[in-house]
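Scroll down for the structure; my scribbles are underneath it.
As a basis for the values below, the full set of heavy atoms in this structure was taken, side chains included, without hydrogen atoms, waters or symmetry mates. As the structure lists them, so they are numbered: ligands from 1, and atoms in each ligand from 1.
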Amino acid sequence: MRNVTALKCISCSASYGSVPPAYICPACGGVLDIEYDYGAVSAGAFLDGLARPAPAHMWRYSALLPVDVGGPLPRLSVGGTPLYRRTPLGEELGLCEVMVKDDGLNPTGSLKDRASAVAVAAALQQGAKTVSCASTGNAASSCAGCAASVGMRSVIFVPRRAPQAKLVQLAVFGAVVVRVLGDYEQAFSLSAEAISVYGWYNRNAAINPVMVEGKKTVAFEIAEQMGWEVPDWVAVSVGDGCTVAGVGKGFWELQRVGVTARQPKLLGVQARGANAISRAFREGGEARGGADTFADSIAVAVPRNPRKAIEAVRRSGGAMVEVSDDEIGRAMLRLGRSCALFAEPAAAAALAGLVAAVEQGIVAPHETACVVVTGNGLKDVAGAERVAGGPIDVPPELAELERRLAEAAPEVMSCTTLR
Ligand SMILES: *Cc1c(COP(=O)(O)O)cnc(C)c1O
């Protein structure tokens, strides 16, 4: 907290002190943004913080986080996920380099852990006993997991279509799971009402400004893993818009405090059937649309925080693209086969978007790009099975095996070792 100077409304620019007056702007209801004393956080002070031991990777960036890293924290190890450099995707897409940041390796399997860790830390430090959110699934499981790690209760509102693996994960963490027989929009509204009735700590990403602060640590890590360089492009899938806003803020801050020399351009990727933010980016107006995509984590019809997302993409000089479910499916297989990464559909959407951006000439061959894999494929095996198919079923007989292999995988039938 030591470097937080103010919370500023992104709609009416009202500025509040470093202690939040509420989750949203009391004057106009706009979303708040946390500002730091960037003068005090010099490159030296930021880098010094990295040398000190920290309970988990993401807390190393304490100089630019809104919680007291010396105080109580969730007991999960969030962050420190691998950045794979020079993947085969570079050659496949015809780019100078494509790297992949695998945030599906976080403790509950998604980038959302970065946000939930900060939220639960803030909740703990305020003495909250119960934390709550509405979520398409990943924010839910990360919130429940971070809460369980410190014995805090969680109440999670999910839409009817949340995939089974995510629901099971919640139940295992001991969350009170409320399945709202409606869409995400309705789950969100009910959670907001219940939170105000019961006074639970509100982890809703679109409303609580600390969420973006947690998510920005993925940008810090990418730059650190590149030796304080940045790629030309960073591709991120977009639902509510909080993730891309966080990634953008992280890279902006690194340049602001003088740790990096420039910022990457953000490539915000939405599903064609759930394109509220990308349409507002292109045409202006209110961000509203459908939620028709199998990539459940980005199936958001009424994003609650489009403005931070759109401003982050604009400020970076980046672009937004839309991809079909077929393109997302192909990107899932490409990630699996070229990089051995199992990404959930919403995560593979980032790669699908990069492919589309190359085809459209938005990303040029001499450029480098980083794809952020935001969630693990094990979270939604039904979605993956739809694109990858199932096993070859055979009775336990060699002759039958040979017949089926000849149809399905003749390439493995030639003997490659000496008998
Ligand atoms: C939440 C999520 C996103 C999108 O993040 P927003 O903040 O909603 O834009 C993308 N991918 C995965 C796997 C997610 O869980």
### Query
In order of chain and number, which residues sit within 4.0 Å of ligand 1 by heavy atom?
Lys112, Asn138, Lys215, Ser237, Val238, Gly239, Asp240, Gly241, Cys242, Thr243, Ser297, Ile298, Glu344, Ala346, Thr374, Gly375

### Task
State, with a plain yes or no, whether a side-chain heavy atom of Glu229 is found less than 4.5 Å away from one of Thr260.
no

### Query
Are Phe220 and Phe46 near enough that their ring centres are under 6.0 Å apart?
yes

### Summary
residues 293-302 vs salt bridge (charged side-chain N to carboxylate O under 4.0 Å, His left out), sequence neighbours excluded, gives Lys166-Asp296

#### Entry: Ring geometry between Tyr198 and Trp200 (parallel below 30°, tilted from 30 to 60°, perpendicular above 60°)
parallel

### Query
Does any non-hydrogen side-chain atom of Leu89 lie less than 4.5 Å from one of Val100?
yes

### Task
Among Glu344, Gln164, Gln169, find the one that has a side-chain hydrogen bond (donor to acceptor under 3.5 Å, both in side chains) with Lys379.
Gln169

